[in-house]
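Here the structure is laid out as structure tokens; the discussion comes afterwards.
All values below were derived from every heavy atom in this structure, side-chain atoms included, with hydrogens, water molecules and symmetry-related copies excluded. Atoms within a ligand are numbered from 1 in the order they appear, just like the ligands themselves.
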Amino acid sequence: MQVTEQQPDAAIIDRAAAVLRAGGLVAFPTETVYGLGAHALQAEAVQSIFVAKGRPANNPLIVHVAEQAAAQKLTTAWPLEAEALARRFWPGPLSLVLPKADCVPSVVTAGAGTVAVRVPAHPVARALLETAQFPIAAPSANRSNYISPTCAAHVLKGLQGRIDLLLDGGPTAGGLESTVLDLSVQPPRLLRPGLVTQAEIEAEIGPIERHAVMLSHDQPLASPGLLARHYSPRAILERVAGNGRVRIDELQEQGLSVGWLAFSDEGKHQAADAPRAPGHPELIVMPRDSQAYCAQLYAALHLLDERGVDCIIVELPPDTDEWQAVQDRLRRAERK
Ligand code: TXA
Ligand code: MG
């Protein structure tokens, strides 16, 4: 394991690139969540990502590159929409799905004829890609179906002993996974809402379609990441509109311990240093600003899981464009 600061140390980045070149696995920070990287053009290395995560082979990976030109080499079509979106949002948290070039091993795309590509913005990810000079396939660095890691400790919790190197760049600023947009269909389809919002995309390329979350494994998969029950904490999560007090009392009467993500501590207050009275929920006050909320959501869920609560009650955020990604992740975390 190695540590690097926000301004990456060249010797550490060289070593990480060498591990990847030799077919190893490197976990690294991006501006969204930590990724678990392998050399994208080495099928065997990519295969070991699926093993380390316990990820089903039918769920394709995002390929990270240093710049747009490198993304174009992995694809056989570069429509005007891709050009406009790359110019506006790269480097940044937007993954584009396009027809794949032959050089991309089919294990990366789970056999699909398309590949998801993105240029990440985090200085450590960028330094790694620029030094490596090859594309890096990287899903989020967590065991399959668990919530994504937003700091190095989260990565170790799930993957210690299963990876060769971890680059610790501190907590990630974005906190939720990238937006995934399918440009191989017309109109373009939003496969996963993320930090770049639907309205921001539509401002660049006009109307896009929102793909519905799938409710079962029986339907054909446009994107397995669309499956409900992805991104789940261990505890049972329930979304509650307005004040969740009534539901929390109910759960506690059943003897369950409860975590509570709420927008204010008004009427819920308990001094931080007071001994926890039995029956008090573990309250985490979440930001009212959507970007700040995204940055903190997974850390809050990881924390409540570590504290061993049985249930997590989440006060529903507003139903507006900038909350779409949060709404999506909470909906999936709720399904069991
Ligand atoms: O922010 C992120 O996107 C992070 C960081 C590490 O870049 N990565 C990430 O990867 O969240 P992962 O594997 O956890 O999610 C990738 C998503 C999945 O929903 C997958 O199904 C979808 O992208 N995907 C990848 N390739 C695809 C393709 N060819 N067609 C449709 N969906 C694809
Ligand atoms: Mg993931």
Handout entry: Minimum non-hydrogen distance to atom 25 (C) of ligand 1, winning option of Ser184, Pro60, Pro29
Key =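 Looking at heavy atoms only, the winner is Pro60.
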
Exercise for the section: Return the option from Arg192, His211, Lys53 holding the heavy atom at the smallest distance from atom 17 (C) of ligand 1. Expected result: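 Answer by nearest heavy atom: Arg192.
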
Exercise for the section: Dump the intermediate steps for side chain to side chain contact (heavy atoms under 4.5 Å, CB included) on Val240 and Glu315, then the final yes or no. Expected result: CA-CA 5 Å; Val240 174; Glu315 186 177 343; over 6 Å; no

Handout entry: Thr109 heavy atom under 4.0 Å from ligand 1
Key =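 No, Thr109 has no heavy atom closer than 4.0 Å to ligand 1.
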
Side chain, backbone, both or neither: which part of [X] comes within less than 4.0 Å of ligand 1 when only heavy atoms are counted?
{"X": "Ser140", "value": "both"}
{"X": "Asn59", "value": "side chain"}
{"X": "Thr32", "value": "side chain"}
{"X": "Arg118", "value": "side chain"}

Using a 4.0 Å cut-off to any heavy atom of [X], which atoms of ligand 1 qualify?
{"X": "Leu191", "value": "31 (C), 32 (N)"}
{"X": "Val180", "value": "23 (O)"}
{"X": "Gly35", "value": "6 (C)"}
{"X": "Leu61", "value": "25 (C), 26 (N)"}

Donor-acceptor contact below 3.5 Å, side chain [X] vs main chain [Y]:
{"X": "Ser48", "Y": "Ala45", "answer": "yes"}
{"X": "Gln252", "Y": "Asp249", "answer": "no"}
{"X": "Glu202", "Y": "Ile208", "answer": "yes"}

Problem - Inter- and intrachain pairs under side chain to side chain donor-acceptor pair (under 3.5 Å), touching residues 19-32, at least two apart - result: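 For residues 19-32: Thr30-Thr32, Thr30-Arg118, Glu31-Arg118, Thr32-Arg118.
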
Regarding ligand 1, does [X] bring an N or O atom to under 3.5 Å of one of the ligand's N or O atoms?
{"X": "Ser95", "answer": "no"}
{"X": "Glu177", "answer": "no"}
{"X": "His64", "answer": "yes"}

Problem - Audit row: Tyr146, His154, ring pair (Phe, Tyr, Trp, His ring centres under 6.0 Å) steps and yes/no - result: CA-CA 11 Å; Tyr146 195 61; His154 296 162; 8.8 Å; no

Practice task
Could you tell me which non-hydrogen atom of Trp260 sits nearest to which non-hydrogen atom of Ile248, and how far apart they are?
Solution key: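 Reported closest heavy-atom pair: CD2-CD1, 3.1 Å.
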
Exercise for the section: Could you pull out the closest heavy-atom pair between Ala300 and Leu261, with the gap in Å? Expected result: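 The pair with the smallest heavy-atom distance is CB-CD2, 3.9 Å.
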
Exercise for the section: May I ask you to check if any N/O/S atom from Asn142 comes under 2.8 Å of the Mg ion (ligand 2)? Expected result: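 Coordinating: no.
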
